[in-house]
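Since the structure comes first, as structure tokens, the remarks are kept for the end.
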Amino acid sequence: MRTRANRLEALRRIISTQQLNNQEELMAALQAEGFQVTQGTLSRDLKQLKVTKTSAHNSKKNSYTLPNETTYKRVSSASNMREMMQALSVVSLNFSGNLGIIKTRPGHASAIAWRIDRTDIPQILGTIAGDDTIFMVIKEGVTHQEVTDALAEMLDVRTDE
């Protein structure tokens with residue numbers, strides 16, 4: 001079943017990856033993702049996400065944008081969240097006791113930490129993100145390999161270990 005949270009996440013991704021100019025285009029993009037919404041529902045979702053319309057520098061038309069450009073940057077070719085997360089590459093992952101540090105490409109830590117927290121990985125209690133570093137607190141009794149496997153599954157990364 002498609003939940004509201006899934007729909008909002010799809011809407012965030014659509015807005016961050018496509019230049020759409022009106023609600024009809026947004027509704028069609030959501031429909032292509034498997035979400036049937038009314039104009040009223042879409043308007044409420046846009047208001048909740050604090051979406052605005054701004055003028056693109058390469059177009060005379062206004063398009064939808066998200067308020068937090070650190071988390072979601074417009075990209076030209078990502079077709080789903082898995083591809084988008086792979087584009088936000090993790091540089092390294094290290095552990096010390098029940099703490100983990102993830103190094104990312106500059107500017108991507110916030111988006112990955114947000115995704116870790118939203119995925120609600122049971123082995124991870126929470127994250128704090130900077131520009132290119134994520135600090136994780138891991139539940140006691142959880143192995144580093146369990147955390148690595150959970151993160152790899154979330155990010156759809158293959159591990160050789």
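Keep in mind that the numbers below use all heavy atoms, side chains included, and drop hydrogens, waters and symmetry copies.
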Stepwise side-chain contact (heavy atoms from CB on, under 4.5 Å) check, Glu9 with Arg12: CA-CA 5 Å; Glu9 179 62 24; Arg12 282 183 192 99; 3.5 Å; yes
Closest non-hydrogen atom pair between Ile121 and Ala150, with its separation: CG2-CB, 3.6 Å
Donor-acceptor contact present, side-chain Ser96 to main-chain Leu99, <3.5 Å: no
Distance (rounded to the nearest 0.5 Å) between Gln23 CD and Tyr64 OH: 4.5 Å
Residues in side-chain contact (heavy atoms from CB on, under 4.5 Å) contact with Gln48, at least two apart in sequence or another chain: Arg4, Leu8
Atom pair OG1/CZ of Thr143 and Phe95 - distance to nearest 0.5 Å: 8.5 Å
Ala5: partners by side-chain contact (heavy atoms from CB on, under 4.5 Å), with sequence neighbours left out: Thr3, Arg118
Over all atoms of both residues, closest heavy-atom pair of Met27 and Val37: CE-O, 3.5 Å
Inter-residue atom distance Asp131.CG - Ile134.CD1, 0.5 Å rounding: 11.0 Å
Nearest heavy atoms of Ile138 and Gly100, plus distance in Å: CD1-N, 4.0 Å
For the student: nearest non-hydrogen atoms of Val147 and Gln123, plus distance: CG2-CB, 4.0 Å
Nearest atoms (heavy-atom pairs only) where Gly130 meets Ala109: O-CB, 3.3 Å
For Phe135, all residues meeting ring pair (Phe, Tyr, Trp, His ring centres under 6.0 Å), sequence neighbours excluded: none
Which atom of Ala29 lies closest to which atom of Leu20, heavy atoms considered: CB-CD1, 4.2 Å
Stepwise side-chain contact (heavy atoms from CB on, under 4.5 Å) test for Leu11 and Leu42: CA-CA 9 Å; Leu11 191 55; Leu42 180 58; 4.1 Å; yes
Asn21 backbone acceptor or donor facing Lys53 side chain under 3.5 Å: yes
Distance in Å, Gln19 CD paired with Glu25 CD, rounded so as to fall on 0.5 Å steps: 9.5 Å
Under 3.5 Å donor-acceptor, His144 side chain and Asn98 backbone: no
Nearest-0.5 Å distance that lies between atom CZ in Phe35 and atom CG in Asp45: 10.0 Å
Connected via hydrophobic side-chain network under 4.5 Å: Val137 and Ile124: no
Check against side-chain contact (heavy atoms from CB on, under 4.5 Å), Leu46 and Leu26: CA-CA 10 Å; Leu46 293 173; Leu26 276 174; 3.9 Å; yes
Separation of Gln39 CD from Thr41 OG1 (nearest 0.5 Å): 9.0 Å
Joint cluster assignment, Ile116 & Ile128, ILVMFWY side-chain distance < 4.5 Å: no
